[in-house]
Amino acid sequence: MTDLSQLSTKNKAHHHVLIAALASLGVGLAILNPLHPLLIVVVAILPIGAVIAFKNLFYLCLGFVVFSFFRIHEVFPFLMPFRIPILLALPTLGVLCWQLFCAKSLKPFWNRDLTAFAVFFGLVTLGLALAMNRSLAFSYYTATYIKIGIMVLAIAWIVRKPEDFATACRVFVIAGIAVALVTISRKLQGIGLVEGSRVTIGRDYGSVLGDPNDLSLVLLFPLSFATALAIIRPTKLDRLLGIVATLCICWAIVATQSRGGLLGIVSVLGIGGTRVIKNKFVLAGIGAVGLAALMVMAGIADRQSGGAAESGIDESAMGRIYAWQAAVNMALARPLNGVGLDNFVANYFYFTPHWTGMAKAVHSTWLGVLGETGFPGLIAFVTMVVLMVLTNRESSRILDAHNAPASTRATALALIGGITGFCISGTFLTQGFTWPIYILLSLTVALSRYAKELEPPAIQGASPDASQVEDSPFAHRLRARSPRSRPRVKVLEGTNDNNRMGR
């Protein structure tokens with residue numbers, strides 16, 4: 001029988017030979033047809049990068065999600081010329097297709113959460129041809145939403161081990177710290193402020209983070225992971241990282257003066273607080289006081305829009321009410337498919353009951369989905385979110401029951417907090433077709449798969465074959481519980497109780 005270490009050494013040797021051969025071939029072709037002096041270096045590095053990409057699909061996928069969602073290249077503009085999201089997207093998609101269809105080393109996994117997502121994704125796709133402005137719908141679909149759909153499946157199938165969950169949590173938290181520090185710095189320096197006091201990033205070059213509500217949304221996502229690391233504390237360094245990140249991110253969200261962001265902070269910290277404070281009334285009281293304190297710290301009363309200077313229902317609140325009415329009117333006029341993906345602002349004028357001279361965003365996830373996909377889309381979307389909540393509760397129960405690695409339990413807490421924050425802040429922020437909920441969905445599916453693997457087959461109600469039971473990490477428990485594992489008294493044929501008693 002061949003030693004495993006020898007096989008590993010042979011595989012490494014084969015990889016080294018392959019890298020050297022591809023690099024040599026690339027250099028030879030570049031020398032034969034020289035176009036630029038740097039071409040030789042680039043062509044020589046590409047094969048090495050290709051081999052590294054095939055061995056590190058998880059990191060490629062994670063890097064693409066971080067740059068696409070956190071807009072790191074827009075937070076740090078010197079990275080923009082490098083086109084990092086594109087450079088990460090192409091190899092990620094290529095390696096994913098290779099492992100899925102050619103090498104078949106990536107095993108697909110499906111559950112009810114992905115079914116709900118597939119239904120919603122299908123409704124959005126069908127609605128493209130029926131959108132009121134098809135060019136806008138197709139543009140957003142191809143630029144963003146199709147990538148979200150691919151990454152949902154990729155993350156759900158790639159993330160398998162506790163180390164993967166730990167890495168994802170840490171990377172999300174570190175990215176959140178980076179965005180938060182830039183936000184705080186701009187606030188202190190008075191750079192990129194709108195309405196006199198609300199901080200933004202990249203507004204001058206058209207960044208998504210140029211809207212303070214969208215910036216607070218991006219910051220709210222890593223807050224749940226930071227809080228989970230601080231409470232579950234897989235390691236001392238993770239706990240320190242979580243505490244620092246929680247403080248920085250909360251400060252940054254306060255600087256955006258987004259009321260939806262403040263509600264999100266309270267909801268995320270409240271979910272984390274359930275692990276520390278068992279009395280719900282005390283926790284609710286702390287949450288109410290905390291929300292009031294955050295609003296004072298944020299200086300909501302000093303805002304030009306929605307501040308204390310406006311009497312009654314302020315201008316910001318009325319703008320939201322008009323936008324919500326427009327979303328309902330869109331759904332009533334086009335109940336089956338709505339106005340189409342990314343079509344709300346473009347069609348606001350035709351459906352609003354009160355035109356103020358400027359189109360507004362919907363500022364509500366639920367009504368935004370309703371207006372752009374109709375009633376079937378809203379039902380599918382709400383069903384997906386509800387199933388995510390149920391799945392995460394079940395996964396958390398299993399992980400706690402089996403004392404799973406701290407990284408997985410921290411991920412479970414982060415997902416529950418993230419979904420809660422999404423549901424509450426989503427009432428005032430537009431999140432239906434952006435990254436956060438879909439990243440939470442993919443990690444929910446991946447964590448559910450890991451949790452189910454911890455359950456013994458007998459508990460799952462399955463009837464595995466002998467090889468599956470033998471290979472299971474719980475095989476020794478099953479053997480201990482099985483009657484066959486107990487010592488038996490051998491009884492000879494033809495004997496009776498009297499004979500045995502006599503003997």
Side-chain angles (χ1 to χ4, degrees), residues 74 127 130-140 143-144 190-218 255-263 298-335 337-374 378 425-434:
E74 295 175 356
L130 303 174
M132 294 188 67
N133 189 326
R134 287 191 290 271
S135 62
L136 276 178
F138 274 101
S139 177
Y140 188 85
T144 302
I191 301 174
L193 302 182
V194 297
E195 299 181 13
S197 56
R198 307 184 68 186
V199 68
T200 63
I201 296 177
R203 191 176 183 87
D204 52 338
Y205 46 83
S207 172
V208 175
L209 306 180
D211 185 285
N213 292 315
D214 291 334
L215 177 56
S216 68
L217 168 61
V218 169
T256 65
Q257 295 183 331
S258 169
R259 286 176 286 198
L262 299 182
L263 288 173
I300 297 295
D302 299 329
R303 277 177 48 176
Q304 292 182 6
S305 171
E310 297 176 358
S311 60
I313 301 179
D314 59 53
E315 179 184 351
S316 177
M318 284 306 304
R320 276 186 167 85
I321 293 174
Y322 295 144
W324 295 349
Q325 290 176 340
V328 173
N329 292 338
M330 291 176 186
L332 293 176
R334 300 167 65 89
N337 59 280
V339 295
L341 181 64
D342 197 36
N343 268 239
F344 182 87
V345 175
N347 293 280
Y348 178 82
F349 172 79
Y350 304 104
F351 294 94
T352 181
H354 185 82
W355 175 248
T356 59
M358 182 179 64
K360 301 179 181 295
V362 63
H363 289 296
S364 171
T365 296
W366 318 107
L367 294 176
V369 171
L370 174 64
E372 294 188 351
T373 62
L378 178 62
S425 65
T427 306
F428 305 98
L429 298 175
T430 309
Q431 309 180 45
F433 302 98
T434 55

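In what follows, every heavy atom counts, from backbone to side chain, and hydrogens, waters and symmetry copies are set aside. This chain uses plain numbering: 1 for the first residue, then up along the sequence.
Pairing each heavy atom of Leu262 with each of Ala298, the nearest pair is CD1-CB, 4.1 Å. Heavy-atom minimum distance, Gly340 versus Ala131: CA-CB, 3.7 Å. For Val199 against Leu215, the heavy-atom pair with the smallest separation is O-CD2, 3.8 Å. Of all heavy-atom pairs spanning Val362 and Ala327, the tightest one is CG2-CB, 4.1 Å. Nearest heavy-atom pair, Pro353 versus Gln325, reported as atom, atom and distance to 0.1 Å: CG-OE1, 2.7 Å. The two residues Trp366 and Leu378 come nearest to each other via the heavy atoms O-CD1, 3.5 Å.
Proximity of a side-chain donor or acceptor of Thr200 to a complementary backbone N or O of Gly192 within less than 3.5 Å is detected.
In this structure, Asn213 and Arg198 have side chains that are in contact, with non-hydrogen atoms separated by less than 4.5 Å. Met132 is listed as a side-chain neighbour of Arg334, based on a closest heavy-atom distance under 4.5 Å. Under the 4.5 Å side-chain criterion, counting only non-hydrogen atoms from C-beta, Phe351 is in contact with Val339.
Summarising the geometry, atom CZ belonging to Phe344 is positioned 9.0 Å from atom NE2 belonging to His363; distances are rounded to the nearest 0.5 Å. Taking CG from Asn347 and CG from Asp342, the interatomic distance works out to 10.5 Å, rounded to the nearest 0.5 Å. Note that the CZ atom of Phe433 and the OG1 atom of Thr373 stand 5.0 Å from one another [nearest 0.5 Å]. Atom CG of Asp204 is separated from atom CD1 of Ile191 by 10.0 Å, given to the nearest 0.5 angstrom. The NZ atom of Lys360 lies 10.0 Å from the CZ atom of Arg320; values are rounded to the nearest 0.5 Å. Between Leu429 atom CG and Leu263 atom CG the span is 9.0 Å, to the nearest 0.5 Å.
Using bins of under 30°, 30° to 60° and over 60° for the plane-to-plane angle, the ring pair Tyr348/Trp355 lands in the tilted bin.
The only member of Val369, Thr365, Asp214 that meets side-chain contact (heavy atoms from CB on, under 4.5 Å) when paired with Gln431 is Thr365.
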